[in-house]
Amino acid sequence: MGATSVEQDSEQRVDAGSVTDKQSEPPSRTRWLSSLRVPRRPRLWFELLLIAVSYGVYSMIRNAAPTHEERAQEHARQIWDFQNSIGLGFERAVNHGIESVTWLIVPMNYYYATLHFIVTIGVLVWVFRWHPGRYGAIRLVLFATTGIALIGYYFYPLAPPRLMAGMDFIDTGRVHQTWGSFQSESMQSVSNQYAAMPSMHIGWSVWCGITIVLLAKPLWVKILGVLYPTLTLLVIVATANHFWLDAVGGLVCLAFGFAVARTWFAESPYRLPQLVPDAVPRAKRAQSPS
């Protein structure tokens, strides 16, 4: 009788333990979300598709944002007045000073029109190739930064200095007829000219700079990482495409992007493992207990 009671108690404890184990197992959705937070080797075809689709959506939303020229001019005047009130309205002096140096301003126009994309894509490719374990998190920073910037474009139309009414800023792209410049008539027909806040030239260039400085090994490459966003700031001001406050807006968006990546991966993107093992073969996954 005593032995039977002990056996029953043991069976009850086993059953209770089984129930507890089953209850403690995370739902499949939780396991799926957790797996997304684990660094993994990126797939080239997926990344190319993701970048293409994301850039298409970015361009569509940015250009579809209401222009509201009157509001954009009003916002530009407010920013210009504020900067002058604190003694930092220097954009016009820089614009006029550098525009008179043709051999300098023309390369700056091309810099503004091209390097914004070339360097950003180059850094993505570099991280993809040499830091695959960190790629997903670093890419998430860029995507979250760009996504929040779209909200600014939509709700805060802003005329760049070169389009301010009643001001004498010089539209350097138009004066020097720079090919591919956003100031050209062909680009104006497909690009929202009043989406100046925040500046993604600064947001993206600082993202590139931080990534290069923290991950590159040669000192000269790190120096280039520091110089790139610094020179970008000079270029966007000299070409009268942005106020310096637009650059501040770009930095705020970038901080948001880093916060999103840090929250999602529970770690700084640059502290994640540089390399990750290849995906587990399908046959091995099938044999593993669920």
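Note that these values count all heavy atoms, side chains included, but never hydrogens, waters or copies made by symmetry.
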### Task
Grab the two heavy atoms, one from Pro198 and one from Gly249, that are nearest each other, plus how far apart they are.
CB-C, 3.3 Å

### Polar side-chain atom of Ser100 near backbone of Gly97 as donor-acceptor pair, under 3.5 Å
yes

### Message
Between Phe90 and Ile86, is there shared hydrophobic-cluster membership here, with clusters defined by ILVMFWY side-chain heavy atoms closer than 4.5 Å?
### Response
yes

#### Entry: Rounded distance (nearest 0.5 Å) linking atom CG of Asp246 with atom CZ of Phe243
7.0 Å

### Query
Do you know the tightest heavy-atom contact between Ala137 and Pro269?
CB-CB, 3.7 Å

### Query
If you group Ile, Leu, Val, Met, Phe, Trp and Tyr by side-chain heavy-atom gaps below 4.5 Å, do Leu251 and Leu227 land in one group?
no

### Query
Would you say Glu91's side chain and Trp244's backbone share a donor-acceptor pair under 3.5 angstrom?
yes

### Validation row: Met197, Ile79 side chains within 4.5 angstrom (heavy atoms)
yes

### Chi angles and distances behind the side-chain contact (heavy atoms from CB on, under 4.5 Å) call for Arg92, His96
CA-CA 6 Å; Arg92 186 164 53 190; His96 281 243; 3.6 Å; yes

### Query
Between the main-chain N or O of Ala165 and the side-chain N or O of Gln73, is there a donor-acceptor pair closer than 3.5 Å?
yes

### Query
Strictly by modelled atom types, are Glu69 and Gln193 linked by a side-chain donor-acceptor pair under 3.5 Å?
no

### Message
Same cluster or not: Val175 versus Trp103, using hydrophobic residues (I, L, V, M, F, W, Y) connected whenever any side-chain heavy atoms lie under 4.5 Å apart?
### Response
no

### Message
To check you understand the geometry: which heavy-atom pair defines the closest contact between Ala159 and Ala76, and what is its length?
### Response
O-CB, 3.5 Å

#### Entry: side-chain contact (heavy atoms from CB on, under 4.5 Å) evaluation trace for Thr239 with Arg162
CA-CA 8 Å; Thr239 57; Arg162 61 184 174 80; over 6 Å; no

### Query
Any side-chain heavy atom of Pro161 within less than 4.5 Å of one from Asn241?
no

### Query
Is it true that a side-chain atom of Asn95 and a backbone atom of Ile170 form a donor plus acceptor pair closer than 3.5 Å?
yes

### Query
Are Tyr156 and Arg71 close enough that some pair of their side-chain heavy atoms sits under 4.5 Å apart?
no

#### Entry: Interatomic spacing from CE in Met200 to CG in Leu254 - rounded to 0.5 Å
7.5 Å

#### Entry: Sole residue of Tyr110, Trp204, Tyr111 in ring pair (Phe, Tyr, Trp, His ring centres under 6.0 Å) with His116
Trp204

### Message
Quick check: closest heavy atoms across Ile105 and Ala238, and the distance to 0.1 Å?
### Response
CD1-O, 4.1 Å

### Query
Under 4.5 Å between any side-chain heavy atoms of Ile148 and Val260, yes or no?
no

Please report, to 0.1 Å, the donor-acceptor pairs under 3.5 Å made by any side chain of residues 211-218, with sequence neighbours excluded.
unit_1: Thr211; atom_1: OG1; unit_2: Trp207; atom_2: O; d: 2.8
unit_1: Thr211; atom_1: OG1; unit_2: Tyr270; atom_2: OH; d: 2.8

### Query
Are Val119 and Ile223 connected in the hydrophobic side-chain network, where two residues link if heavy atoms are under 4.5 Å apart?
no

### Message
Please enumerate all residues that pass side-chain contact (heavy atoms from CB on, under 4.5 Å) together with Phe128, with sequence neighbours excluded.
### Response
Pro42, Leu44, Glu47, Tyr135

### Task
Before giving the answer on side-chain contact (heavy atoms from CB on, under 4.5 Å), spell out for Trp126 and His131 the whole-Å C-alpha distance, their side-chain angles and the decisive distance to 0.1 Å.
CA-CA 8 Å; Trp126 172 62; His131 299 267; 4.0 Å; yes

### Query
Atom CG in Leu272, atom CZ in Phe265: separation rounded to 0.5 Å?
7.0 Å

### Query
If you take all heavy atoms of Pro132 and Trp130, which pair is closest and at what distance?
CD-C, 3.4 Å

### Message
Donor-acceptor check, side chain of Arg262 to backbone of Ala266, threshold 3.5 angstrom: yes or no?
### Response
yes

### Message
Donor-acceptor check, side chain of His201 to backbone of Tyr112, threshold 3.5 angstrom: yes or no?
### Response
yes

### Query
Under 4.5 Å between side-chain heavy atoms, hopping through other hydrophobics if needed: is there a path connecting Met164 to Phe82?
yes

### Task
Looking only at non-hydrogen atoms, find the nearest pair between Ala72 and Tyr194 and report the distance.
CB-CD2, 3.5 Å

### Message
Can you tell me how far apart CD1 (Ile210) and OG (Ser205) are? Round to the nearest 0.5 Å.
### Response
9.5 Å

### Task
Go through the steps for His176 and Glu99 under the test side-chain hydrogen bond (donor to acceptor under 3.5 Å, both in side chains), then give the verdict.
CA-CA 9 Å; His176 296 279; Glu99 194 281 331; 3.0 Å; yes

### Task
Scan Tyr153, Tyr154, Phe155 and name whichever one has a side-chain contact (heavy atoms from CB on, under 4.5 Å) with Ile151.
Phe155

### Query
Rounded to the nearest 0.5 Å, what separation is found between the OG1 atom of Thr172 and the CD atom of Gln177?
12.5 Å

### Message
Is there a side-chain contact (heavy atoms from CB on, under 4.5 Å) between Ile236 and Ile202? Walk through the geometry before answering.
### Response
CA-CA 9 Å; Ile236 67 173; Ile202 292 300; 3.6 Å; yes

### Query
How far does OH of Tyr228 sit from OG1 of Thr230, to the nearest 0.5 angstrom?
11.5 Å

